[in-house]
Participant: 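Take this structure first; my questions come after.
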Amino acid sequence: MKEKGRFGQYGGFYVPEVLIPALEQLEDAFFRFGLDQGFASELEDLLSHYAGRPTPLYYSRGLSQLVGCTVLLKREDLLHGGAHKINNALGQALLAKYMGKGKLIAETGAGQHGLATATVGALLGMEVKIFMGTTDIGRQRPNVLKMRLLGAEVIPVTGASGTLKDAINEALRYWTANVKDTFYLFGTAAGPHPYPKIVRHFQSVIGREAKCQCLDMFGRLPDVVVACVGGGSNAIGIFGAFMDHPQVRLVGVEAGGLGLDSGMHAATLEKGKVGVLHGARSYVLQDEHGQIIESHSVSAGLDYPGVGPEHSYLKDTGRAEYVSATDEEVLDAFLFMTRREGILPAFESAHAIAWVMSQAGRFEKGQLVLINLSGRGDKDVESFIRQRPQVVGADLKDSEHKGL
Amino acid sequence: MSSYKQVFLSGKVALIPFFVLGDPDEQTCLEIIGAAIDAGADILELGIPFSDPIADGPTIQKADIRALRAGMTPQKALTLISRIEERWDIPIGLLVYYNLVWHFGPEAFYKQAAKAGVNSVLIADLSIDDADEVYPLARSAGLDTVFMVSPNSSDERIRLVAQKTTGFIYAVSVLGVTGARDTLSQSAIDIITRTKRVTTVPVCLGFGISRPEHAAAAAAVGADGVIVGSKLVGLVEQNLSDKGQIVRSVRQLILQFRSAL
Ligand SMILES: Cc1ncc(COP(=O)(O)O)c(C=O)c1O
């Protein structure tokens with residue numbers, strides 16, 4: 001490997017020997033093609049004409065009034081497929097193409113990354129296998145159907161909790177046996193080097209755009225940038241452009257689940273300890289013996305006991321702060337956004353919104369708060385209504401909403 | 001405490017059964033290990049169960065879950081090893097995932113492992129690139145080192161592994177995770193031959209060794225030992241309702257391997 005892939009003490013490539021040559025090849029391809037001008041323009045063309053970039057920066061009147069300052073939404077939810085995941089999926093799939101690999105595998109939690117991978121697979125004529133936990137298959141059914149429709153094979157993973165962690169385990173195992181012809185299209189800024197850097201690179205477009213848009217609209221940088229953190233890709237994507245502006249406060253919002261003291265959450269940076277999971281040293285939710293704990297969140301995309309290594313580093317250095325929003329706050333934020341803005345945010349993104357809502361009255365009036373609205377919430381409608389049936393009419397019968 | 005050197009110098013091909021510590025429970029695990037030693041095991045490879053074993057196929061994953069449910073922890077695993085060492089004189093290689101070591105505290109882990117009677121610690125998700133994170137700890141605790149090579153490792157990497165290995169090189173037979181397999185692949189033969197060509201450090205073949213003839217074929221091309229894992233661990237799973245049968249079937253399989261070597 002050319003680089004160590006470190007962010008301070010975090011990161012690295014802690015994987016079995018058999019995966020090292022594949023990671024070396026990937027690193028090599030990333031340095032050779034990923035940063036090459038021809039590659040960049042091919043990707044840019046796809047991002048603008050296929051995926052729908054640039055995405056708007058939207059002034060949210062409803063949130064601004066509620067919170068008491070200017071709240072802006074970076075509308076990644078308007079991208080093709082409905083989430084920021086397509087930025088990375090297009091980038092990595094092009095890398096795969098340049099490397100001559102015709103088969104893609106990916107893990108998915110919310111199904112958004114799986115959907116993005118299935119989408120680019122269809123576009124570029126590649127065979128796609130998606131590993132997804134059985135719990136997540138149950139709660140993100142619309143995305144499962146879409147992936148299948150797009151021609152991807154969705155492989156259910158049982159594992160301990162049937163969530164993202166187990167999906168990654170199984171995808172890594174599959175890759176181990178199929179490294180020769182298969183490209184692992186990793187969905188978040190975690191995992192072994194070079195993935196955290198590759199994903200950051202392909203997601204950095206979010207922050208670059210948002211920064212220009214904010215300067216255009218307001219003539220200055222935002223004061224606060226807020227993003228939800230699962231593995232950390234949408235957050236690192238928007239944070240990047242502001243990293244070297246120390247006056248910009250960076251806030252990552254983790255899944256608080258049933259509360260940080262309940263033991264039922266996915267607040268890895270707030271409650272985890274340093275360890276090694278899925279190939280990287282980072283904060284990890286683990287028990288007193290070092291066994292990985294099953295996380296909990298209403299949002300499948302944040303339901304992960306690990307986190308990307310760069311976020312661990314940003315936490316330790318204090319450059320970014322990490323907070324959380326509970327399941328209930330997220331459902332409230334989801335409903336608020338639908339009713340006040342006509343926007344259905346993904347449960348994941350609703351964490352960032354929920355935290356900003358919880359800060360109502362704490363920002364100064366003139367402040368600019370930029371939220372990364374990483375995805376749209378169509379996939380979560382069923383789940384929302386199961387938990388708050390009264391919202392669409394309390395008489396909705398059990399049998400009816402099962403069939404939604 | 002006998003050493004790897006003694007085994008490899010004896011000239012025979014080392015028979016190395018793998019078990020998950022505490023599978024299906026501590027007592028039965030001890031009995032299984034006793035039977036394996038009786039039947040001719042030369043070295044033991046023992047795994048501490050982990051919640052997320054990415055290098056393992058379904059058989060060993062399930063064994064990890066059984067052992068964890070039965071209450072196994074890294075600390076208890078080391079205690080179990082010292083009980084094995086009290087009764088039998090056999091070299092023991094420990095197989096772990098890095099998070100367990102990291103959480104325990106690497107220095108404390110290596111020291112306590114040495115005290116329990118372990119001969120080496122192999123970390124499945126730590127490659128030779130990061131060997132320096134543990135090599136000095138292992139050596140100062142008086143332990144040998146074991147690292148893996150696999151069919152896609154370059155000769156250059158195999159050489160690096162050989163330089164850092166004082167115990168034996170664990171050659172992975174296939175591209176893939178652990179699991180019983182019907183045939184010994186060509187890649188198994190190739191990795192042994194390639195490794196033997198660049199180093200004199202003993203080379204043991206593992207992953208998918210399921211039949212006595214696989215062991216014999218590996219020995220024929222120069223393997224210094226064979227590690228039999230999933231096939232044995234599968235016997236635990238298949239006979240969960242009859243612990244006596246687990247012990248008997250393990251003994252029988254080891255005897256078959258022994259006579260093939
Ligand atoms: C819309 C959306 N936002 C955020 C995430 C969380 O991932 P990350 O932290 O990598 O952005 C997901 C993951 O599925 C998602 O679908």
Side-chain angles (χ1 to χ4, degrees), chain A residues 1-6 9 12-25 157-161 165-166 168-182 191-193 272-282 284-294 305-306, chain B residues 48-58 61 64-65 68 71-77 96-105 109 122-130 133 147-154 156-158 160-161 169-179 187 191 207:
Chain A
M1 215 80 94
K2 289 197 190 72
E3 288 189 355
K4 285 272 169 206
R6 297 284 175 174
Q9 67 155 317
F13 43 90
Y14 297 103
V15 293
E17 168 67 15
V18 50
L19 288 180
I20 300 279
L23 293 173
E24 278 177 338
Q25 218 187 3
V157 180
T158 39
S161 49
K165 167 181 83 107
D166 306 293
I168 295 177
N169 286 340
E170 209 48 39
L172 284 170
R173 292 182 187 120
Y174 179 90
W175 198 33
T176 302
N178 297 276
V179 278
K180 282 190 184 144
D181 61 354
T182 301
H193 172 72
K273 291 198 198 75
V274 176
V276 176
L277 177 65
H278 296 147
R281 179 170 300 147
S282 199
V284 182
L285 290 177
Q286 48 189 314
D287 71 11
E288 73 266 36
H289 305 295
Q291 306 294 350
I292 311 305
I293 290 176
E294 294 168 30
Chain B
I48 300 184
F50 182 50
S51 54
D52 296 83
I54 55 167
D56 288 299
Q61 287 172 43
D64 280 2
I65 293 170
L68 289 172
M72 189 45 48
T73 67
Q75 192 67 63
K76 284 187 189 166
V96 291
Y97 285 87
Y98 202 12
N99 197 61
L100 296 179
V101 176
W102 188 261
H103 190 274
F104 201 101
F109 185 84
L122 168 56
I123 300 176
D125 50 354
L126 183 92
S127 70
I128 200 64
D129 310 82
D130 289 310
E133 289 189 20
F147 290 98
M148 283 180 167
V149 297
S150 80
N152 55 351
S153 306
S154 62
E156 178 57 34
R157 289 184 68 79
I158 297 176
L160 283 175
V161 165
I169 294 176
Y170 189 130
V172 173
S173 70
V174 286
L175 293 180
V177 293
T178 58
S187 65
I191 187 66
F207 281 41

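Naming convention: chains lettered A, B, ... in sequence-line order (proteins, then strands); numbering from 1 in each chain. Since we're looking at a predicted model, the values are computed, not measured.
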Participant: Which residue out of Arg281(A), Glu17(A), Arg173(A) racks up the most heavy-atom pairs below 4.5 Å with chain B?
Facilitator: Arg173(A)
Participant: Spell out, as yes or no, whether a donor-acceptor pair under 3.5 Å connects the side chain of Ser173(B) to the backbone of Phe207(B).
Facilitator: yes
Participant: Using a 4.5 Å cut-off on heavy atoms from C-beta on, say whether the side chain of Met72(B) contacts that of Asp64(B).
Facilitator: no
Participant: May I ask you to name which of Met1(A), Lys165(A), Glu294(A) has the most heavy-atom pairs under 4.5 Å with chain B?
Facilitator: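 Most pairs with chain B among the choices: Lys165(A).
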Participant: For Leu68(B), is it the side chain, the backbone, both, or neither that has a heavy atom closer than 4.5 Å to a heavy atom of chain A?
Facilitator: side chain
Participant: Which one, Val161(B), Leu126(B), Val177(B), Asp125(B), leads in non-hydrogen pairs under 4.5 Å with chain A?
Facilitator: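 Option with the top pair count is Asp125(B).
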Participant: Any side-chain heavy atom of Leu19(A) within less than 4.5 Å of one from Thr176(A)?
Facilitator: yes
Participant: Which region of Asn178(A), side chain (C-beta onward) or backbone (N, CA, C, O), has a non-hydrogen atom less than 4.5 Å from a non-hydrogen atom of chain B, or is it both or neither?
Facilitator: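 Neither part, no heavy atoms under 4.5 Å.
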Participant: Heavy-atom pairs under 4.5 Å with chain B are the metric here; pick the option from Ala22(A), Ala177(A), Gly12(A) that has the most.
Facilitator: Ala177(A)
Participant: Heavy-atom cut-off 4.5 Å, strictly under: side chain, backbone, both or neither for Pro49(B) against chain A?
Facilitator: backbone
Participant: Give the member of Val179(A), Ile293(A), Val15(A), Leu277(A) that has the highest number of heavy-atom pairs under 4.5 Å with chain B.
Facilitator: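 Most heavy-atom pairs under 4.5 Å with chain B: Val15(A).
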Participant: Go through Lys76(B) and His289(A) one step at a time and tell me if the side chain to side chain contact (heavy atoms under 4.5 Å, CB included) criterion holds.
Facilitator: CA-CA 10 Å; Lys76(B) 284 187 189 166; His289(A) 305 295; over 6 Å; no
Participant: Once you round to the nearest 0.5 Å, how far does CG of Asp52(B) lie from CG of Asp166(A)?
Facilitator: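 With rounding to 0.5 Å, CG (Asp52(B)) is 7.0 Å from CG (Asp166(A)).
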Participant: In terms of heavy-atom pairs under 4.5 Å with chain A, which of Thr73(B), Ile128(B), Leu100(B), Asn152(B) leads?
Facilitator: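 Most pairs with chain A among the choices: Asn152(B).
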Participant: NZ of Lys180(A) to CD of Gln25(A): how many Å apart, nearest 0.5 Å?
Facilitator: 11.5 Å
Participant: With Ser51(B), which residues qualify under side chain to side chain contact (heavy atoms under 4.5 Å, CB included), at least two apart?
Facilitator: Gln291(A), Ile292(A)
Participant: With only heavy atoms counted, which part of Gln75(B) is less than 4.5 Å from chain A, the side chain, the backbone, both or neither?
Facilitator: neither
Participant: Can you tell which of Asn99(B), Val101(B), Ile65(B) has the highest number of heavy-atom pairs within less than 4.5 Å of chain A?
Facilitator: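 Sorted descending by pairs with chain A, the first entry is Asn99(B).
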Participant: Please enumerate all residues that pass side chain to side chain contact (heavy atoms under 4.5 Å, CB included) together with Asp129(B), with sequence neighbours excluded.
Facilitator: Phe13(A), Ile20(A), Ser127(B), Arg157(B)
